[in-house]
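Chain letters run A, B, ... following the sequence lines, proteins first, then strands; residues in each count from 1. Keep in mind that the numbers below use all heavy atoms, side chains included, and drop hydrogens, waters and symmetry copies.
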Number of protein chains: 2
Amino acid sequence: MVSSEKIDTTEQKILEAAKNVFIRKGMYGARMQEIADEAGINKALLHYYFRSKNKLFEAIFQEIFQEFVPKAFSILKAQIPFEEKIRQFVANYIDVVAENPFMPIFIINEINQNPERLAHLTNVMSAIKVEVASDLNRKFETGEYRKVDPVQLFSSVISMTLFPFLAKPIIQGAFEYSDEEFKVFLQERKQLIPDIILNYLKI
Amino acid sequence: MVSSEKIDTTEQKILEAAKNVFIRKGMYGARMQEIADEAGINKALLHYYFRSKNKLFEAIFQEIFQEFVPKAFSILKAQIPFEEKIRQFVANYIDVVAENPFMPIFIINEINQNPERLAHLTNVMSAIKVEVASDLNRKFETGEYRKVDPVQLFSSVISMTLFPFLAKPIIQGAFEYSDEEFKVFLQERKQLIPDIILNYLKI
DNA sequence: GTCTATATTGTGATAGAC
DNA sequence: GTCTATCACAATATAGAC
């Protein structure tokens with residue numbers, strides 16, 4: 001219990017509340033009043049700690065990137081067999097996002113509206129590209145895998161993993177899945193996505 | 001030139017402008033002033049033709065669904081071999097969305113914010129599920145394909161096809177793709193996605 | 001630091017002349 | 001039908017007491 005030391009300082013309460021509201025509603029949809037309510041304070045205090053809504057938002061966005069992105073991508077750097085890496089990455093990614101289901105649409109929206117925010121991400125991503133590329137190249141040289149563009153492959157894995165979260169209401173609505181059935185649907189993908197990808201790579 | 005008859009009526013100009021602005025900014029982010037500017041008129045006229053912002057938005061949303069969704073999904077009903085169907089679907093979908101790149105994120109956002117809007121979509125989607133399911137079942141019974149959940153499969157195809165549009169700035173930023181390189185990236189997926197999927201299905 | 005009260009600005013919507 | 005001017009309200013931001 002050492003980790004959550006002093007999470008009850010006002011600034012922390014604001015950051016926590018703002019994170020929830022911004023992720024649910026986005027920069028445009030979020031209201032300072034709602035953030036204040038969720039933090040159990042009033043609007044004036046928000047401006048006392050962070051000069052403006054925009055400043056608060058940028059602080060949140062930074063925090064999310066430093067916390068969420070590494071958590072989702074860390075496994076790719078592990079020293080384990082490539083197939084295991086893919087399986088663990090997908091399974092871990094699904095679990096992490098399942099706990100933060102609004103995160104993907106939030107990140108995609110805010111980056112689409114303001115691509116400069118990407119600055120935080122490029123280093124992480126290009127490191128991943130190098131990592132995946134070298135893994136794939138090793139396997140190609142031993143004749144195990146076919147030659148494949150690492151970016152195309154990585155994009156395909158991410159697509160299949162993340163998209164169902166973005167389209168959750170569409171999938172649930174269109175195929176009449178209950179919340180429980182949708183959870184099962186997600187869990188099944190931990191097996192299916194690596195199967196699809198590895199099946200394509202081999203030979 | 002018969003098709004574009006009377007596209008210059010004020011109502012048409014409003015609808016066109018509103019479509020552009022709403023798709024770019026979403027219901028929350030869009031401003032009536034911006035729509036008026038883009039239509040070359042003033043705000044008052046917007047309210048004359050459509051009582052409120054919300055009414056205008058719903059009109060746009062309907063129009064988009066009746067135009068865009070069928071255009072993207074029509075091929076799945078064609079009487080052609082399943083493999084050809086997948087290839088054409090992906091290629092067609094990529095082309096259609098490439099011409100309307102903000103459409104997916106718009107639809108996903110608005111449905112996430114108001115799932116009732118899905119009403120327009122469920123019929124189309126469940127028809128597709130039946131179609132894909134019967135195709136897959138035929139192939140399974142002849143021993144050509146493995147047994148597979150049609151929803152999982154369909155979701156995977158859609159994911160790999162649509163997600164790159166949603167993540168365009170991320171992909172471009174992370175992998176330093178120019179606009180031209182990103183176009184090539186998308187075109188390559190017309191081949192890759194069906195290859196991945198069909199490779200998994202066979203045996 | 002935290003509050004209440006108020007200023008300021010932005011935005012959807014309406015009134016009324018033409 | 002189209003415009004200018006204005007209203008009404010919501011939301012961000014600030015002033016000032018405690």
Side-chain angles (χ1 to χ4, degrees), chain A residues 4-64 102 106 109-110 112-114 116-117, chain B residues 4-64 102 106 109-110 112-114 116-117:
Chain A
S4 59
E5 176 188 344
K6 274 219 313 183
I7 203 166
D8 280 343
T9 164
T10 302
E11 186 169 353
Q12 282 302 319
K13 279 193 295 183
I14 292 176
L15 284 170
E16 184 64 21
K19 199 163 95 176
N20 292 336
V21 176
F22 275 131
I23 287 174
R24 277 201 310 268
K25 304 288 184 71
M27 167 63 184
Y28 275 114
R31 295 288 164 256
M32 294 297 266
Q33 184 62 61
E34 192 176 350
I35 295 172
D37 290 347
E38 185 141 338
I41 55 167
N42 58 42
K43 286 184 293 177
L45 259 193
L46 294 180
H47 287 91
Y48 175 79
Y49 279 92
F50 304 84
R51 273 185 56 82
S52 68
K53 181 184 181 181
N54 207 53
K55 287 259 181 27
L56 177 55
F57 178 84
E58 295 300 338
I60 296 295
F61 200 78
Q62 295 251 5
E63 200 189 78
I64 285 171
F102 292 99
F106 168 75
N109 271 320
E110 301 308 331
N112 266 284
Q113 270 162 38
N114 189 352
E116 288 93 71
R117 293 182 183 128
Chain B
S4 60
E5 177 189 344
K6 275 218 316 181
I7 203 165
D8 281 345
T9 164
T10 301
E11 187 169 352
Q12 282 302 319
K13 279 192 296 184
I14 292 175
L15 284 170
E16 183 64 22
K19 199 163 97 177
N20 292 337
V21 176
F22 276 131
I23 287 174
R24 277 201 310 268
K25 304 288 184 69
M27 167 64 183
Y28 275 114
R31 295 287 164 257
M32 294 296 266
Q33 185 61 62
E34 192 177 350
I35 295 172
D37 291 346
E38 186 142 337
I41 55 167
N42 59 42
K43 284 187 295 177
L45 259 192
L46 294 180
H47 287 91
Y48 175 78
Y49 279 91
F50 304 83
R51 274 185 56 83
S52 69
K53 181 182 182 182
N54 208 53
K55 287 260 184 21
L56 177 56
F57 178 83
E58 295 299 339
I60 297 295
F61 200 78
Q62 294 254 3
E63 198 187 80
I64 285 170
F102 292 98
F106 169 75
N109 271 321
E110 301 309 329
N112 267 285
Q113 271 162 38
N114 188 352
E116 288 94 70
R117 294 185 182 126

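- With B:Glu38 as the fixed residue, the side-chain hydrogen bond (donor to acceptor under 3.5 Å, both in side chains) test singles out one of B:Lys19, B:Lys13, B:Arg24: B:Arg24.
- Toward the 5' end of DNA chain C, the nearer of the two residues A:Tyr49 and A:Lys43, judged by each one's closest nucleotide, is A:Tyr49.
- As rounded to whole Å, 15 Å separates atom C1' of C:dT8 from atom CE of A:Met32.
- Rounded to whole Å, the distance from NZ on B:Lys25 to P on C:dG12 is 12 Å.
- Out of C:dC3, C:dG12, D:dC3, the shortest distance to the side chain of B:Ala44 is found at D:dC3.
- Counting only heavy atoms from C-beta on, B:Tyr48 has its side chain closest to D:dT2 among D:dA13, D:dT2, C:dA13.
- The side chain of A:Arg31 lies closest to D:dT12, out of D:dT4, D:dT12, C:dG12.
- Spacing between atom NZ of A:Lys13 and atom P of C:dG1 amounts to 13 Å, rounded to whole angstrom units.
- Listed nucleotides D:dA13, C:dG1, C:dG12 differ in distance to A:Lys53; the shortest reach to its side chain belongs to D:dA13.
- A distance-only check finds no donor-acceptor pair linking the side chain of B:Asn109 to the backbone of B:Asn112 [under 3.5 Å].
- The distance from atom CG of B:Leu46 to atom P of D:dG1 is 15 Å, rounded to the nearest whole Å.
- The aromatic rings of B:Phe22 and B:Phe57 sit perpendicular to each other, their planes meeting at more than 60°, with 30° as the lower class boundary.
- Phosphate contact (OP1/OP2 of C:dA13, side-chain N/O of B:His47, threshold under 4.0 Å): present.
- In this structure, the CG atom of B:Asp37 is 16 Å from the P atom of D:dT2, given to the nearest Å.
- Listed pair A:Thr10 / C:dT2 meets the phosphate criterion, a side-chain N or O lying under 4.0 Å from OP1 or OP2.
- Minimum atom distance to the side chain of A:Leu45 is reached by C:dT2, of the listed C:dT14, D:dT12, C:dT2.
- A donor and an acceptor atom, one from each side chain of A:Glu110 and A:Asn114, are nowhere located under 3.5 Å apart.
- Atom OH of B:Tyr28 is separated from atom P of D:dA10 by 14 Å (rounded to the nearest Å).
- Residue B:Asn42 places at least one side-chain N or O under 4.0 Å from the OP1 or OP2 atom of D:dT4.
- Rounded to whole Å, the distance from CD on A:Gln33 to C1' on C:dT6 is 15 Å.
- In the model, A:Glu58 has no side-chain atom that pairs as donor or acceptor with a side-chain atom of A:Asn54 under 3.5 Å.
- Contact annotation for A:Ala30: backbone-only contact, meaning every heavy-atom pair under 4.0 Å involves sugar-phosphate atoms and none involves a base.
- We find that CD1 of A:Ile35 is positioned 11 Å from P of D:dA13, with the value rounded to whole Å.
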